[in-house]
Amino acid sequence: MLSIDLAVSAQDRAAVFAIRGAVFIAEQRVPIEEEWDSHDLDADHLLARIDGVPAGTVRLVAAGRRGVLGRLAVLPGARGSGAGAALVRAVEEQARKRGVAEIELHAQTHALGFYERLGYTAHGEEFLDAGIPHLHMSKDL
């Protein structure tokens with residue numbers, strides 16, 4: 001069973017950062033100094049569990065009516081389970097609760113189709129973030 005909750009306890013926050021470390025730092029080779037940032041302190045972090053086991057995470061940085069969806073990561077064993085899409089829907093709901101009207105994100109180009117299926121639109125020029133090609137995307141809530 002898939003469940004998604006705000007990561008508020010120290011144990012939940014540790015799971016969030018362990019997942020991000022496994023996906024971004026170990027798997028994608030993002031430098032650790034680029035993965036952790038000051039937004040981690042005040043962002044809303046969501047944690048997905050499958051049968052009680054941490055499987056994925058996403059964060060929301062809310063700034064007034066705009067929010068930034070970021071750091072979406074699903075562990076390899078949970079990919080294809082629907083956890084990623086469920087995390088996006090959950091972070092959108094959290095954004096609505098916080099009064100956010102538009103969500104922006106920086107999508108790795110290989111994930112464009114995933115976000116497009118969830119209603120996001122790409123715009124602008126491709127750019128590199130941590131050496132990985134990305135595009136800006138957004139969605140009105």
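Since we're looking at a predicted model, the values are computed, not measured. Both backbone and side-chain heavy atoms feed into the values below; hydrogens, waters and symmetry mates do not.
Under a hydrophobic-cluster definition in which Ile, Leu, Val, Met, Phe, Trp and Tyr are linked whenever side-chain heavy atoms come within less than 4.5 Å, directly or via other members, Ile132 and Val23 are assigned to the same cluster. Note: the hydrophobic cluster containing Phe24 also contains Leu47 (ILVMFWY, side chain heavy atoms under 4.5 Å, direct or indirect links). By the rule that hydrophobic residues join a cluster once side-chain heavy atoms approach within less than 4.5 Å of another member, Val53 and Phe17 end up as members of separate clusters. Put simply, Leu72 and Val30 are part of two different groups of oily side chains (I, L, V, M, F, W, Y) that touch within less than 4.5 Å, one to the next. Both Leu118 and Met137 are assigned to one and the same hydrophobic cluster, defined by single-linkage of ILVMFWY side chains at heavy-atom distances under 4.5 Å.
Of the possible donor and acceptor atoms, one in the side chain of Asp51 sits under 3.5 Å from a partner among the backbone N and O of Met1. Remark: the backbone N or O of Gly99 is paired with a side-chain donor or acceptor of Arg65 at under 3.5 angstrom. Remark: the backbone N or O of Leu46 is paired with a side-chain donor or acceptor of Thr57 at under 3.5 angstrom.
From Glu125, atom CD reaches atom NE2 of His134 across 16.0 Å, with rounding to the nearest 0.5 Å. For the atom pair CD of Glu116 and NZ of Lys139, the computed distance is 12.5 Å after rounding to the nearest 0.5 Å. One finds the OG atom of Ser81 at 3.5 Å from the CD1 atom of Ile50 (value rounded to the nearest 0.5 Å). Interatomic distance, CG of Leu135 versus NE2 of His123, reported as 9.0 Å (0.5 Å rounding). To the nearest 0.5 angstrom, Thr121 atom OG1 is 11.0 Å from Leu112 atom CG. Interatomic distance, CG of Leu69 versus CG of Leu60, reported as 7.5 Å (0.5 Å rounding).
The side-chain hydrogen bond (donor to acceptor under 3.5 Å, both in side chains) check on Gln94 picks up Asp44, with sequence neighbours excluded. Shown here are the side-chain hydrogen bond (donor to acceptor under 3.5 Å, both in side chains) partners of His106, two or more places apart in sequence or in another chain: His136. Among residues two or more places apart in sequence or in another chain, the side-chain hydrogen bond (donor to acceptor under 3.5 Å, both in side chains) test is passed with Gln28 by Gln108.
The heavy-atom pair separating Asp5 from Ser3 by the smallest distance is OD2-OG, 4.2 Å. In plain terms, the two heavy atoms of Val16 and Ala7 that are nearest each other are CG2-CB, 3.7 Å. Ala107 approaches Tyr115 most closely through the heavy-atom pair CB-CD1, 3.7 Å. Closest heavy-atom contact between Ala86 and Leu2: CB-CD2, 3.5 Å. Between Arg59 and Ala43, the shortest heavy-atom distance links the atoms CD-CB, 4.0 Å. Listed here is the closest heavy atom pair of Pro133 and Glu126: CB-OE2, 3.5 Å.
For the salt bridge (charged side-chain N to carboxylate O under 4.0 Å, His left out) with Asp40, the lone residue among Arg20, Arg71, Arg13 that qualifies is Arg20.
Ser138 places none of its side-chain heavy atoms less than 4.5 Å from the side chain of Ile103. Two residues are said to be in side-chain contact when any heavy atoms from C-beta on lie closer than 4.5 Å; Ile4 and Leu87 meet this criterion.
Annotation for Gln11: atom CD does not count as buried by contact number, only 12 or fewer foreign heavy atoms lying within 6.0 Å. The number of heavy atoms from other shown groups lying within 6.0 Å of CZ (Arg96) is above 12.
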